[in-house]
S.K.: 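Input: one structure, supplied below.
Predicted, not measured: the structure shown is a model, and the values here were computed from it. Residue indices begin at 1 and follow the sequence shown.
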Amino acid sequence: MVSAATVQTLRDAVAHVGQEGSAKRGLLAIPAVWQLASSGPVAQWARAVLGEHARPVRGILFDKTADANWLVAWHQDLVFPVASRIETPGFGPWSVKDGVPHTGLPRVVLEDMLSVRLHLDDCGTASGALEVAPGSHRRGKLGRDEIEALLAERSADTCPARAGDVLLMRPLTLHRSSKASAPSRRRVVHLEYAGSGLPGPLRWPQWSAS
């Protein structure tokens with residue numbers, strides 16, 4: 001859990017990021033978010049899992065409201081930003097999001113990553129809290145049929161949270177977010193860390209230079 005002061009600092013930092021009720025990438029370009037992600041307890045938690053060279057590589061704000069009460073189907077996080085597009089075996093497909101090149105990552109890279117979700121608001125089960133399939137990250141990258149088979153054999157866990165709560169999970173974890181049955185504002189700062197650099201000439205984005 002992070003302090004109430006940290007929660008307020010993050011709320012202030014993202015107050016004018018994008019449109020209310022949307023998802024906004026590029027959060028690591030905001031100095032207050034970068035500082036939190038690269039130092040202090042949040043960075044320490046990531047390094048405790050991934051090793052001393054772990055670094056933040058992506059930050060997204062999820063801002064769900066009563067007027068923007070979306071759902072996200074079961075999925076794994078497989079596509080991430082890189083500094084530039086360089087065709088490399090095992091990487092792809094490629095795309096551009098908010099002007100930044102993104103690519104699908106191979107399993108070996110994804111297994112050396114960690115997602116850290118910091119809740120800026122209370123998020124109960126009626127507010128569209130995150131649901132996860134425990135242990136699914138050990139199955140590697142899953143196709144549609146594999147996802148359906150996995151969900152048929154095990155039940156999902158719902159992850160309600162209070163403002164300041166922090167959830168750590170692997171990007172390969174199968175997860176979803178349902179529409180809220182009692183909609184209220186639900187902001188989450190979603191940070192992702194890599195335990196090491198990328199192979200060959202590929203590089204993670206240099207957000208700290210922004």
S.K.: Strictly below 4.0 Å, N to O, side chains only: are Arg139 and Glu153 in salt-bridge contact?
M.R.: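 A salt bridge is present here (some side-chain N lies under 4.0 Å from a carboxylate O).
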S.K.: How long is the span from the OG atom in Ser196 to the CZ atom in Arg55, to the nearest 0.5 Å?
M.R.: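 Here the rounded value is 11.0 Å.
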S.K.: Check the pair Leu36 / Leu10 against side-chain contact (heavy atoms from CB on, under 4.5 Å), numbers first and verdict last.
M.R.: CA-CA 9 Å; Leu36 174 77; Leu10 286 174; 3.6 Å; yes
S.K.: Looking only at non-hydrogen atoms, find the nearest pair between Ser155 and Pro134 and report the distance.
M.R.: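 Between these two residues, the closest heavy atoms are O-CD, 3.8 Å.
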S.K.: For the residue pair Leu120 and Val188, establish whether any side-chain heavy-atom pair is separated by less than 4.5 Å.
M.R.: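 A side-chain contact is absent here, since even the closest heavy-atom pair is not under 4.5 Å.
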S.K.: Could you tell me if Glu131 and Ser177 have a donor-acceptor pair between their side chains, going purely by distance under 3.5 Å?
M.R.: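 Per modelled atom types, Ser177 and Glu131 side chains form no pair under 3.5 Å.
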S.K.: Would a single hydrophobic cluster contain both Val108 and Val82, if residues Ile, Leu, Val, Met, Phe, Trp and Tyr are joined by side-chain heavy-atom contacts under 4.5 Å?
M.R.: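 Val82 clusters together with Val108.
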S.K.: Quick one: pull up OG in Ser39 and CD in Gln44 and give me the separation to the nearest 0.5 Å.
M.R.: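 Taking OG in Ser39 and CD in Gln44, the distance rounds to 9.0 Å.
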S.K.: Would the distance check show the side chain of Lys97 and the main-chain N or O of Pro81 forming a donor-acceptor pair, the cut-off being under 3.5 Å?
M.R.: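 No: the side chain of Lys97 does not pair with the backbone of Pro81.
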S.K.: Which value, rounded to the nearest 0.5 Å, describes the distance between Leu202 atom CG and Ile86 atom CD1?
M.R.: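 Leu202 atom CG to Ile86 atom CD1 measures 5.5 Å (nearest 0.5 Å).
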S.K.: What I'd like to find out is whether the side chain of Leu130 reaches to under 4.5 Å of the side chain of Arg117, using heavy atoms alone.
M.R.: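 Side-chain contact under 4.5 Å: yes.
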S.K.: Answer with yes or no whether the hydrophobic clustering places Leu78 together with Val109; edges join I, L, V, M, F, W, Y residues whose side-chain heavy atoms lie under 4.5 Å apart.
M.R.: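 Yes, it is one cluster - the side chains of Leu78 and Val109 are joined through contacts under 4.5 Å.
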S.K.: Considering only NZ, NE, NH1 and NH2 on the basic side and carboxylate oxygens on the acidic side, decide whether Arg85 and Glu87 come within less than 4.0 Å.
M.R.: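 Between Glu87 and Arg85 there is a salt bridge, with a charged N closer than 4.0 Å to a carboxylate O.
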S.K.: With the 4.5 Å side-chain cut-off for hydrophobic clustering, are Met169 and Met113 part of the same group?
M.R.: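 Met169 does not cluster with Met113.
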S.K.: Just wondering, do Arg162 and His119 contact through their side chains at under 4.5 Å, heavy atoms?
M.R.: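 Heavy-atom side-chain distance check fails, nothing below 4.5 Å.
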S.K.: Could you walk me through whether Asp112 and Tyr193 pass the side-chain contact (heavy atoms from CB on, under 4.5 Å) check?
M.R.: CA-CA 9 Å; Asp112 193 33; Tyr193 290 79; over 6 Å; no
S.K.: Rounded to the nearest 0.5 Å, what's the gap from CG on Asp122 to CZ on Arg185? Could you check?
M.R.: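 Those atoms lie 14.0 Å apart.
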S.K.: Could you walk me through whether Val57 and Leu28 pass the side-chain contact (heavy atoms from CB on, under 4.5 Å) test, one step at a time?
M.R.: CA-CA 8 Å; Val57 297; Leu28 292 177; 5.6 Å; no
S.K.: Is the distance between the ring centroids of His102 and Phe80 less than 6.0 Å?
M.R.: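 No; Phe80 has its ring centre 6.0 Å or more from that of His102.
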S.K.: Between Arg107 and Glu111, is there a side-chain N and carboxylate O pair less than 4.0 Å apart?
M.R.: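 Looking at Arg107 and Glu111, the cut-off is met.
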S.K.: Quick one: pull up CZ in Arg176 and OG1 in Thr158 and give me the separation to the nearest 0.5 Å.
M.R.: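 Answer for the CZ-OG1 pair, Arg176 versus Thr158, is 8.0 Å.
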S.K.: Identify whether Val7 and Met1 are in the same connected component of the hydrophobic contact network (ILVMFWY, side-chain heavy atoms under 4.5 Å).
M.R.: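 Not linked; separate clusters.
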S.K.: Would you mind checking if Asp121 and Arg186 are paired as a salt bridge, meaning a charged N to carboxylate O distance below 4.0 Å?
M.R.: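 Answer for the salt bridge query: no.
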S.K.: I'd like to know if the side chain of Ser3 pairs up with that of Thr6 as donor and acceptor (distance under 3.5 Å, no hydrogens or angles considered).
M.R.: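 A donor-acceptor contact under 3.5 Å links the two side chains.
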S.K.: Salt bridge or not between Asp63 and Lys24? Use side-chain N to carboxylate O under 4.0 Å.
M.R.: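 Between Lys24 and Asp63 there is no salt bridge, as every charged N stays at least 4.0 Å from the carboxylate O atoms.
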S.K.: Treat each ILVMFWY residue as a node, draw an edge where side-chain heavy atoms are under 4.5 Å apart, and state whether Val132 and Ile147 are in one component.
M.R.: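 Different hydrophobic clusters.
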S.K.: Apply side-chain contact (heavy atoms from CB on, under 4.5 Å) to Leu142 and His75, showing your working.
M.R.: CA-CA 9 Å; Leu142 301 171; His75 70 287; over 6 Å; no
S.K.: Could you tell me whether the side chain of Leu27 reaches within less than 4.5 Å of the side chain of Val17, counting heavy atoms only?
M.R.: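 Side-chain contact under 4.5 Å: yes.
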S.K.: Look up atom NE2 in His190 and atom OG in Ser115, then write down how far apart they are to the nearest 0.5 Å.
M.R.: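 It comes to 4.0 Å.
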S.K.: So do Asp77 and Leu110 actually touch side chain to side chain, heavy atoms under 4.5 Å?
M.R.: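 The answer is no; the side chains never approach within 4.5 Å.
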